[in-house]
Amino acid sequence: MGKERWRRVGSALWRSVAVWAVSTVTMLALAGILPDFRLQSTDGDSATSIAVTAALGAGAFGVLSSVVWPLLVRALLLVPALVLGVLVFFLNGSLLLLALRLDPSGQSEAAPETAVVVAAVMSAVASATGGALAVRDDDAYRRRLYRLSDRRRGQGPPPGALTTPGTVFLQLDGVGHDVLVDAIGRGLMPTVAAWLGDGPGARTTHRLAPWRTDWSSQTGASQLGILHGSNHDIPAFRWYEKDTQEIVVCNRPTSAAELQRRAIEHTGDGGLLTVDGASRGNLFSGGAEQLALVLSVAARRGKENRSRAGYFAYFSDPANAVRTALSFVADVGREIGESTRARIRKQRPRVGRGGLYPFIRAFATVIERDVVVAAVIGDMFAGRASVYADLVAYDEVAHHSGPRSRDAEKVLQRLDRSLALIAQVTEHAPRAYRVVLLSDHGQSPGETFHARYGLGLGELVRAGCGLPVPRKARRTHSGAEARTAVRAALRRPVEERGGQHRPAAADSEPIVLASGNLGLVSFPDVPHRMSREEIDARHPALLTTLANHPGIGFVLVRSEEHGGLVLGAHGVEIPLDELDENPGPLADFGPGAADAVRRTHSFPHVADIMVNSWYDPEEGEVLAFEEQIGSHGGLGGAQGRPFLMSPLSLSPPVDAGEELVGAEQVHRVLRRWLREDDGPQVPVGADPDRQSA
């Protein structure tokens, strides 16, 4: 045992000396290249003196990076996370200037802007050197990855201490089943392909199956159902509640916290991750104790909000911080180049991608991805029983570039590399891990409703109500998840235009909200859900205008005579209980559409009028009511067909010939898998039907 300990100490010491030597050479090279960085006095020095100066400077910089940097990052946790990412360069440069000051020769100096460059290069080189040397040493590789988490090495259980397998659920946000299959076939995701036995020498370890979302095909409804077992009364991504006179938005921190509370109250169950679980990068906690970048707790203040700890876990390593910051800048440049290319080629469909969007995109594709992956790696080395993490990169890019664009394909390639890293970690973790890959929804392509018809859904509703319509239609703001994640990181409130609170008694104009290609119309001055008869009495032309518009697929309203009623073009009216025999305008939307519409109709907070856009079943296109050319939120196409990919060691998600339908059923499947092999026991709620799998 003593010899093994000394072997590890010697190996670590050797790697430290090697990194120090490479850093010294790097500093010497930079001093020869950069005019504002010198390692000698103005009168000149011998080569030996310069080398000693470089060695002392590199050593001091390495010590400061190891000791002072984590303290700086912890102190700066009060600074918004996105700002911290920008400060990385300046903090690293400051440490280099301090290291040069500590040089006893007193002859080293650098301009502040040059110090930033030198520090960034040295950190990157040191990180690459240390990583390369550690690859062949399993213990070193394990410790290096373990430092990505906010835990000390001694806290994790030793290898072999845990005999039951853990489960890691990785959600690729917005990646549809068909997109994944296509990416595998084209060689874009070799790691996923290998799991499915595709490739030379690959052994099949996983099975792939599609599942069908509810009518509200978006992260809020799907993830709440998956993590908490209920997405009851989630009619859309955003909706107006007449009893509280508030607009609820799934990715607003206060709304997410309330929706999570309602789900727990509805099921009597804390969530999928209540036993030794971790929730990373999600809208909801799933009942986990370990949290990082979880939106439902982002509105909290004080020590009880541990969500931001994920940023410290990653940025406490200066090499990681610099690498992520450089990747962030590169992705901003990549987005500017791609959007410029699309404009020059007059690509259609196309939406605006200027302003802050390049930075929002880079946050999702770089910062959030790196922090979440690091947190998952830390959870695995800590031996957590269950981990659920959401990677939002593809969803954000596909909204603006298109689900099958070249830009989105590159994001899939980078996500596959993250999956490969996590797969490597399974070989070093203290317990066996089963990796389950899934998505919460897909995305359907198509131009926006505004681009095709020159007006938005809000303007169409106003015209049908006989209200004045502005000459210039206002475009509906995109509701992509990454935008709110950035705002939460910046500690800025996330509010809808017009405010969260609407005084119903003073405003009789309709509230029109969009969730992808799903629109919701509510009349705030009427305290109950208006019936078709009431709407016709107030606005005789409204429902006819909507149902007959070529960009509208169908309309759902409540009828005093028939209950739920689906309206289509040319006067088509079909009660909900007759849709199975006569689907009418729902025929193009595929199997299960009628059940999805009937379920949403039963929700207490469904809008007065629910509007689903036109859908082309041949091309798979929809018309988004938001500014998105890849959208999700309603019925139609790939948005409602995500995937579930599970190890063969787990039981099949459903029996042969059956279909996996709805996020709540996915929750029951995942919970069953956690119970298999004597895994963690999820608390059982009061409803026995909800516990069956």
Side-chain angles (χ1 to χ4, degrees), residues 80-82 84-85 148-150 167-175 218-220 222-224 226-228 250-253 256-257 260 271-273 277-300 305-315 320 324 327-328 360-380 382 384 386-397 411 414-415 417-419 421-422 425 435-441 480-490 494 642 670:
L82 192 58
L84 176 60
L148 296 176
S149 71
D150 189 22
T167 307
V168 176
F169 303 102
L170 298 175
Q171 177 179 303
L172 301 186
D173 205 301
V175 179
Q218 46 87 21
T219 304
S222 292
Q223 198 179 85
L224 188 65
I226 292 170
L227 287 177
H228 288 279
C250 287
N251 68 350
R252 177 189 292 145
Q260 179 174 304
L272 184 73
L273 309 172
S279 181
R280 310 301 187 185
N282 300 310
L283 294 183
F284 309 104
S285 73
E289 285 288 330
Q290 299 296 322
L291 306 171
L293 282 68
V294 175
L295 205 66
S296 62
V297 302
R300 300 179 188 174
N305 180 7
R306 290 162 292 168
S307 178
R308 292 172 56 80
Y311 290 111
F312 171 77
Y314 190 78
F315 286 111
N320 294 329
T324 296
S327 298
F328 179 89
I360 294 170
R361 167 197 155 130
F363 178 88
T365 58
V366 176
I367 294 180
E368 190 163 25
R369 178 201 64 200
D370 288 354
V371 171
V372 168
V373 169
V376 170
I377 289 171
D379 291 325
M380 295 171 71
R384 303 282 173 213
S386 56
V387 184
Y388 194 104
D390 187 10
L391 298 170
V392 303
Y394 171 85
D395 188 66
E396 177 62 30
V397 173
V411 173
R414 291 192 288 272
L415 286 175
R417 289 197 288 270
S418 295
L419 298 177
L421 175 60
I422 291 173
V425 173
V435 178
V436 175
L437 204 62
L438 74 161
S439 59
D440 49 346
H441 55 78
E481 287 86 346
R483 185 177 298 272
T484 302
V486 171
R487 294 179 69 93
L490 291 172
V494 183
L670 301 191

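Heavy atoms only: backbone and side chains are in, while hydrogens, waters and symmetry mates are out. Because the structure is predicted, anything quoted here is derived from the model rather than measured.
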*May I ask you to test the Val373-Leu391 pair for a side-chain heavy-atom distance under 4.5 Å?*
yes
_Restricting to non-hydrogen atoms, name the atom on Val372 and the atom on Ala389 that form the minimum distance, rounded to 0.1 Å._
CG1-CB, 3.7 Å
*Drop me the distance from Leu421's CG to Asp370's CG, to the nearest 0.5 angstrom.*
10.0 Å
*asked:* Can you see whether Gln260 engages Ser285 through a side-chain donor-acceptor pair at a distance of less than 3.5 angstrom?
replied: yes
*With a 4.5 Å limit on heavy-atom distance, are the side chains of Glu396 and Thr365 in contact?*
no
*Is there a donor-acceptor pair under 3.5 Å between the side chain of Asn282 and the backbone N or O of Gln223?*
no
*Looking at Leu272, Val387, Leu437, which hits side chain to side chain contact (heavy atoms under 4.5 Å, CB included) with Phe169?*
Leu272
*4.5 Å side-chain heavy-atom contact, Val392 and Arg369*: no
*Does the side chain of Leu273 reach to within under 4.5 Å of the side chain of Leu227, using non-hydrogen atoms?*
yes
_For Gln218 against Cys250, the heavy-atom pair lying closest together_ = NE2-SG, 3.8 Å
*Mind checking the OG-CG spacing from Ser386 to Leu670? Nearest 0.5 Å is all I need.*
10.5 Å
*asked:* Measuring only between side-chain heavy atoms, which start at C-beta, is Tyr388 closer than 4.5 Å to Leu438?
replied: yes
*Evaluation steps, side chain to side chain contact (heavy atoms under 4.5 Å, CB included), between Asp395 and Asp440*: CA-CA 10 Å; Asp395 188 66; Asp440 49 346; over 6 Å; no
*Check whether any side-chain heavy atom of Leu293 lies under 4.5 Å from a side-chain heavy atom of Arg280, and answer yes or no.*
no
_Please report the interatomic distance OG(Ser418) to CG(Leu170), rounded to the nearest 0.5 Å._
9.5 Å
*Heavy atoms only: give me the nearest Ala256-Leu295 pair and the separation to one decimal.*
CB-C, 4.5 Å
_Using a 3.5 Å distance criterion without hydrogens, assess whether the side chain of Ser279 forms a donor-acceptor pair with backbone atoms of Ala288._
no
_Working note: Asn251 + Thr219, criterion side chain to side chain contact (heavy atoms under 4.5 Å, CB included); need CA distance, chi angles, decisive distance, verdict._
CA-CA 9 Å; Asn251 68 350; Thr219 304; over 6 Å; no
*How far apart are the closest heavy atoms of Phe284 and Ser296, and which atoms are they?*
CA-OG, 3.7 Å
*Taking the side chain as every heavy atom from C-beta outward, state whether Leu172 and Tyr394 have any pair of such atoms under 4.5 Å apart.*
no
